[in-house]
Amino acid sequence: MKKVFEPVELKNLKLKNRLVRSATWEGLANPDGGLPEEIYAIYEELARGGVGGIITGFTSVALNDFYFGGMMRLCDDALIPQYRRLVDIIHKEGCPAVAQLALGAYYRPTHNGRFMQVEPDAMTVEEIRLVESQFIDAAVRAQKAGFDGVQLHVAHFFFLSRFVSPAVNHREDEYGGSTANRARIVLEILAGIRAVAPNLHITAKINSSDFTFGGLDNEESLEFCKLLALNGIDSIEVSGNGTSVSGIRAHVNEGYFLPFAARLAEEVNVPVMLVGGLRALDTMEVVLNQTKTELISLSRPLLREPDLPNKMQADPKAVSRCISCNRCYSSDAHRCVFWR
């Protein structure tokens, strides 16, 4: 029988329990991706709160990624010491650290020194290869900074998610058309990272569905995940486009991506991590034991209570105080408006 509070070992990754902090964007980094003291404090508190592992917030692989402000970045070797300090803070509490590698969108330089956002259909093959190299180079920097793993962000309709989606990608070359062709960019990034950083745990966050007309649905997402598994991904985190359902209550309507995650865990031979609307320890253990799901990841509950894992371990009847109001999205640094 699987328990939340037991050690678990994955490829290149050891966790003290099955709870993972899902990547949650703080929006606090400097324009170059440098880290202010506030970010160090946030991650120190999370690590002390008892979570088994931490995935950093959205960490762009490019300097010229203007999708939104405040992004952490691993786009320059000069940033490595700052991220090494972050990892050291997390490791000090016996918690592994995984860097979520992402790209908001691809921006092409123009003749006047500005940049324009370019969708997958309009990118040249050389630009696709450039993006691949940015992800691979960022993974090398993550390894040099001491991260235990990296997560490829292929969800929430950011760049990789859009590239994989049939609603966006209408290319007619080797990077478009079939699911395998649209997935090619992700698989080539995966292979590239594995070649240069074999000791990293490589995970991917995926959309179980794009929830948009003509987009990735459950069936095609499953096909995509099978390609990831076949090509050596170490774990998969199940999410979906348009996440963070409101009105979640413990023991009432938890785990809105559970049906897909349970099916995926049956059909691939890699660990599956479930995020989305989990609030009670006993619910989490039902998920773990009635499906082949291996890990539970949390986002909003840890905004409300960074020490929720410690509370649950001390009192198994404790449930998250998060009321799923989603006001954290409009608050400074995406903090819970009821916290502090």
Side-chain angles (χ1 to χ4, degrees), residues 8-25 46 51-61 72 74 83 87 90 95-103 132 135-136 138-143 145-156 158-161 164 183 185-208 221-222 224-240 243 257 260-261 264-265 267-276 278 288 292-299:
V8 60
E9 187 169 343
L10 285 65
K11 183 177 178 181
N12 295 334
L13 192 66
K14 294 181 179 180
L15 307 175
K16 61 188 176 185
N17 59 55
R18 295 181 186 270
L19 295 178
V20 176
R21 187 267 197 166
S22 190
T24 305
W25 181 55
L46 281 167
V51 74
I54 290 176
I55 304 174
T56 65
F58 190 109
T59 304
S60 182
V61 300
M72 295 194 287
L74 276 168
Y83 286 84
V87 172
I90 296 170
C95 186
V98 174
Q100 185 188 70
L101 302 185
L103 188 67
E132 291 178 353
F135 273 89
I136 295 166
V140 171
R141 294 186 187 102
Q143 180 176 248
F147 281 97
D148 304 279
V150 294
Q151 181 178 71
L152 304 181
H153 196 349
V154 199
H156 304 169
F158 296 119
F159 176 80
L160 288 180
S161 174
V164 170
I185 186 173
V186 180
L187 302 180
E188 289 179 345
I189 290 169
L190 171 59
I193 294 174
R194 184 71 74 204
V196 297
N199 294 325
L200 288 177
H201 179 88
I202 308 175
T203 183
K205 189 169 194 171
I206 58 95
N207 278 351
S208 55
S221 180
L222 186 65
F224 171 55
C225 289
K226 288 180 178 179
L227 287 168
L228 288 173
L230 185 64
N231 284 269
I233 201 73
D234 295 327
S235 64
I236 298 172
E237 183 180 19
V238 172
S239 186
T243 58
F257 296 125
F260 180 86
L264 176 63
E267 298 194 29
V268 297
N269 61 350
V270 298
V272 170
M273 183 189 324
L274 174 63
V275 70
L278 292 159
L288 292 173
K292 292 184 178 180
T293 304
E294 291 289 340
L295 300 168
I296 302 294
S297 56
L298 303 170
S299 178

As an exercise, state the distance from [atom1] of [X] to [atom2] of [Y], rounded to the nearest 0.5 Å.
X      : Y      : atom1 : atom2 : result
Leu274 : Phe260 : CG    : CZ    : 11.0 Å
Asn231 : Ile202 : CG    : CD1   : 11.5 Å
Ile54  : Leu46  : CD1   : CG    : 5.0 Å
Ser235 : Lys11  : OG    : NZ    : 11.0 Å
Leu264 : Ser221 : CG    : OG    : 7.5 Å

If you look at every heavy atom in [X] and [Y], which pair is closest and at what distance?
X      : Y      : value
Val87  : Gly146 : CG1-O, 3.4 Å
Asn12  : Leu200 : ND2-O, 3.1 Å
Thr293 : Val272 : CG2-O, 3.5 Å
Phe135 : Leu152 : CD2-CD2, 4.2 Å
Gly57  : Arg21  : N-NH1, 3.5 Å
Leu228 : Leu190 : O-CD2, 4.1 Å

Sequence neighbours excluded, which residues qualify as salt bridge (charged side-chain N to carboxylate O under 4.0 Å, His left out) partners of [X]?
X      : result
Glu188 : none
Lys16  : none
Arg18  : Glu6, Glu294

Excluding sequence neighbours, so at least two apart, what forms side chain to side chain contact (heavy atoms under 4.5 Å, CB included) with [X]?
X      : answer
Thr59  : Thr56, Met72, Leu74
Asn17  : Phe5, Leu19
Ala102 : Phe58, His153
Lys14  : Glu9

Just to verify, what does [X] make a side-chain hydrogen bond (donor to acceptor under 3.5 Å, both in side chains) with, not counting sequence neighbours?
X      : result
Ser208 : none
Lys226 : Glu267
Gln143 : none
Glu132 : none

Taking C-beta and beyond as the side chain, do [X] and [Y] meet within less than 4.5 Å on heavy atoms?
X      : Y      : answer
Leu101 : Phe147 : no
Leu10  : Leu295 : yes
Leu160 : Leu103 : no

Within the distance-only criterion (no hydrogens, no angle test), does the side chain of [X] pair as donor or acceptor with the backbone N or O of [Y] below 3.5 angstrom?
X      : Y      : value
Asp148 : Val98  : no
Asp234 : Thr203 : no
Asn207 : Val154 : no

(message) If you apply the rule side-chain contact (heavy atoms from CB on, under 4.5 Å), what do you find for Val51 with Leu298, and how did you get there?
(response) CA-CA 9 Å; Val51 74; Leu298 303 170; over 6 Å; no

(request) Could you list the residues that satisfy ring-ring contact (aromatic ring centres under 6.0 Å, His included) with Phe159, not counting sequence neighbours? (result)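 Phe163.
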
(message) Under the criterion side-chain contact (heavy atoms from CB on, under 4.5 Å), I'd like the reasoning laid out for Lys205 against Ile55: C-alpha separation, chi angles, the key distance, then a yes or no.
(response) CA-CA 11 Å; Lys205 189 169 194 171; Ile55 304 174; over 6 Å; no

